[in-house]
Amino acid sequence: MSRDHVQSAERSDVAAAASAGDASAPFLELLARGASADAYEQPVLLARAEGWPAEQVAALEQAKLTALRVRAELEGRRRREAELSALFETAHDLAGLRDLDAVLQAIVQRARSLLGTDVAYLSLNDPVRGDTYMRVTEGSVAARFQQLRLGMGEGLGGLVAQTARPYVTDDYFQDDRFQHTHAIDGGVRDEGLVAILGVPLMLGHHVIGVLYAADRRARVFEREQIALLGSFAALAAAAIDTANLLTETRSALADLERANEIIRDRSGVIERASDVHDRLAELVLRGGGVHDVAAAVSEVLDSTVEFTEAAAAPAQALEVSRAEGHAVRHAEDWIAAVAAGGELLGALVLRGHPGLDPVDQRTLERAAMVTSLLLLARRSAAEAEQRVRGELLDDLLDARDRDPRLLRERASRLHADLDAVHVVLAARLDGAAADADQEAAARRRLWSAASHLAATRHGLAAAREGGTVLLLPLEPGDTATELARRTARHLGTAVYEAVTVGASAPVEDLAANPDAVAAAYEEGRRCLDALRLLGRAGDGAAAEDFGFLGLLLAGDRDIAGFVDRTIGQVVAYDERRGTDLVRTLDSYFACGMSPARTKDELHVHVNTVAQRLERVGRLLGDDWQSPARALEIQLALRLHRLSGSAQH
């Protein structure tokens, strides 16, 4: 049905009611339908149009006024009901406060809806800056307005915040009761606001902010509307106060939780310290090693703790720790020096744990102290064992009338087997010492390293004639030469100096043949002398590497001078011209002095061999191929080759 038909039907109903003679009947019908105020003029207008008597028209006028008063009362009650419902919902939101911003947003939305304004917003005071700032807006479209800050007394809001009283203006820009500023007026102009109502947010006697309702046209705010906005402001203030109390409560609970965590942490640290103390005591009693200490501390501190040699630890941090007697931080690690009597024995390193508790730091320091005690005890035991091993080897070298059975028993207690195949090695330092003290210290280091090697290899070691002698078992498939070279490298690395090692041929059944040990030692010494005479310091070799030359090389013979006198001119010619005469000469003798076989060996033409040999003849003399000269030249070539093998 169209709107015109509806209005026509309404007029018919009103006319019918009026014609029934009851003046209030049409207005009761309008009240029942909830018609607009304009509709109440219809019965009077119709009666006049139809020429009703003046008395009836006056009665209708009186009934209209009564009906309008009843309608206004009903509208007021509905409005109050809606306001009370909104206030109740807001109070309900406040009771279940979880998010302050959400509650404030709901308050501003409901205030705008009930007051029927274009915009509603809320500002809060900033006690630090001494002004008030926008917190929540509803219906706002201007960014500058949403970011406004008002000084106390500036603008309508600043006046409300300063005086703690509601203020209302019908036309903001024409009102001179408050201070206008360029920034505030610009924000209000951007938003297009004209009529503004502001009420204070109060906590006790203190203003904490302002709640506003505003329109973009001139408007008069009624007393009831001001009171309603004040009720919303009270709820907003209560919400803010509740949120602050919740924040303070949560902060207090967080502080309490942190305090409890600290107490738990301290308790855990004390328990760890007690645990590590018990473990370290147990380790000492059962003879544990330094790595057992590191493992125990790692488990207790739930981190990686390692023992390292002093040379492998950060030098500066290690020195500071030794001097102060405390663990020190180095990057992400902690370094605790392991020292005794000023001597650095190593370090305990706690990996990747920069934030170390003081009690845990003392635990690491205590572990370092226990480690130093274990190292000293191990050193004392090792030194005692070294002396015993040295005494047994001395007896094998010197006291040849010892009982073989007793020698085997003594060796067995040292985990050595005198019935196995052994090699006797003579080792000597080749670096020049600055003074006697340094030389003695270097020899002690060599003896200590050799003793440690002998202990780990189930052999024997002793200091002798300014060097060290070792008796080491020869593993199946190994050779005396390889053993000598490995020993030279091992000892040189351990003492940080070149160590030359000469080895004997393999010897067996040492307990029953003590003379074999002494003879093997002399053989090893000759090899050692040969290496040094050939300029192969820091290398290792065995008797089998020299053959009959070993006999010639023993003692202080001028090997270099002999080589130079015999083939020096050929060597010098090769060095100057880049020729290959020495190699040709070596191959010539190896091929039975046959030029044909020599050219096959060298892969050159026979004429090239002839030309090279002719050059050799001019350098060495025409009799260089005589038996006597040929023997000397071959010996010199062999010595030259041996002296150069250290570089190959």
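The minimum heavy-atom distance between Val421 and Pro506, with the atom names listed, is CG1-CB, 3.7 Å. Of all non-hydrogen atoms in Ala368 and Ala337, the two that sit nearest each other are CB-O, 3.7 Å. The two residues Ala313 and Thr308 make their nearest non-hydrogen contact at CB-OG1, 3.9 Å. Of all non-hydrogen atoms in Ser504 and Ala480, the two that sit nearest each other are O-CB, 3.4 Å. For the residue pair Ala427 and Val501, the shortest heavy atom distance occurs at CB-CG2, 3.9 Å. Taking every heavy atom of both residues into account, Leu318 and Gly346 meet most closely at CD1-O, 3.8 Å.
Rounding to the nearest 0.5 Å gives a distance of 10.5 Å between NE2 of His458 and CG of Asp417. With values rounded to the nearest 0.5 angstrom, His326 atom NE2 is found 16.0 Å from Ile335 atom CD1. Atom OH of Tyr521 and atom CG of Leu528 lie 8.5 Å apart (nearest 0.5 Å). Interatomic distance, CH2 of Trp624 versus CG of Leu619, reported as 11.0 Å (0.5 Å rounding). Here the straight-line distance linking atom CZ of Arg486 with atom CG of Leu472 works out to 9.5 Å at 0.5 Å rounding. In this structure, the separation between CZ on Arg445 and CG on Leu429 is 7.5 Å, given to the nearest 0.5 Å.
In this structure, the salt bridge (Lys or Arg N to Asp or Glu O under 4.0 Å) partners of Arg485, at least two apart in sequence or on a different chain, are Glu482. Here Arg457 pairs with nothing under the side-chain hydrogen bond (donor to acceptor under 3.5 Å, both in side chains) rule; sequence neighbours left out.
Around atom CG of Asp623, more than 12 heavy atoms belonging to other residues, nucleotides or ligands sit under 6.0 Å away. In Gln316, the CD atom is not crowded: 12 or fewer heavy atoms of neighbouring residues, nucleotides or ligands sit closer than 6.0 Å.
At a threshold of 4.5 Å between non-hydrogen side-chain atoms, the residues Val571 and His640 count as touching. Inter-residue side-chain proximity for Leu613 and Arg618 is flagged as unmet; no heavy-atom pair is nearer than 4.5 Å. Residues Thr487 and Leu453 meet the side-chain proximity criterion, which asks for heavy atoms closer than 4.5 Å. Between Val424 and Glu523, the closest side-chain pair of non-hydrogen atoms is not below 4.5 Å. Here the side chains of Leu585 and Ile633 are in contact, with some heavy-atom distance below 4.5 Å. At a threshold of 4.5 Å between non-hydrogen side-chain atoms, the residues Tyr573 and Gln569 do not count as touching. A heavy-atom distance below 4.5 Å is found between the side chains of Leu602 and Arg612. Residues Val338 and Leu348 have side chains in contact (heavy-atom distance under 4.5 Å, counting atoms from C-beta outward).
His330 contributes no side-chain N or O that, together with a main-chain N or O of Val328, makes up a donor-acceptor pair within less than 3.5 Å. Judged by distance alone, with hydrogens and angles left aside, the side-chain atoms of Thr608 form no donor-acceptor pair with the main-chain N or O of Val604 at under 3.5 Å. Side chain of Ser321 to main chain of Ala317: no donor-acceptor pair is present (N/O by atom type, distance under 3.5 Å, no hydrogens or angles). Here the side chain of Thr468 pairs no donor or acceptor atom with the backbone of Ala463 at under 3.5 angstrom. Remark: the backbone N or O of Ala331 is paired with a side-chain donor or acceptor of Arg329 at under 3.5 angstrom. Using modelled atom types, one side-chain atom of Asp574 and one backbone atom of Val582 make a donor-acceptor pair closer than 3.5 Å. A donor-acceptor pair under 3.5 Å links the side-chain atoms of Arg629 to the main chain of Leu620, judged by distance alone.
No side-chain donor-acceptor contact under 3.5 Å links Arg351 and Thr304.
Every pair passing side-chain hydrogen bond (donor to acceptor under 3.5 Å, both in side chains) that includes a residue from residues 587-602 is listed here, sequence neighbours excluded: Tyr588-Gln625.
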Given Val499 and Leu446, is the side chain to side chain contact (heavy atoms under 4.5 Å, CB included) satisfied, shown in steps? CA-CA 9 Å; Val499 177; Leu446 176 61; 4.1 Å; yes
Salt bridge (Lys or Arg N to Asp or Glu O under 4.0 Å) assessment of Asp580 paired with Arg583: CA-CA 6 Å; Asp580 216 2; Arg583 180 164 172 259; 3.3 Å; yes
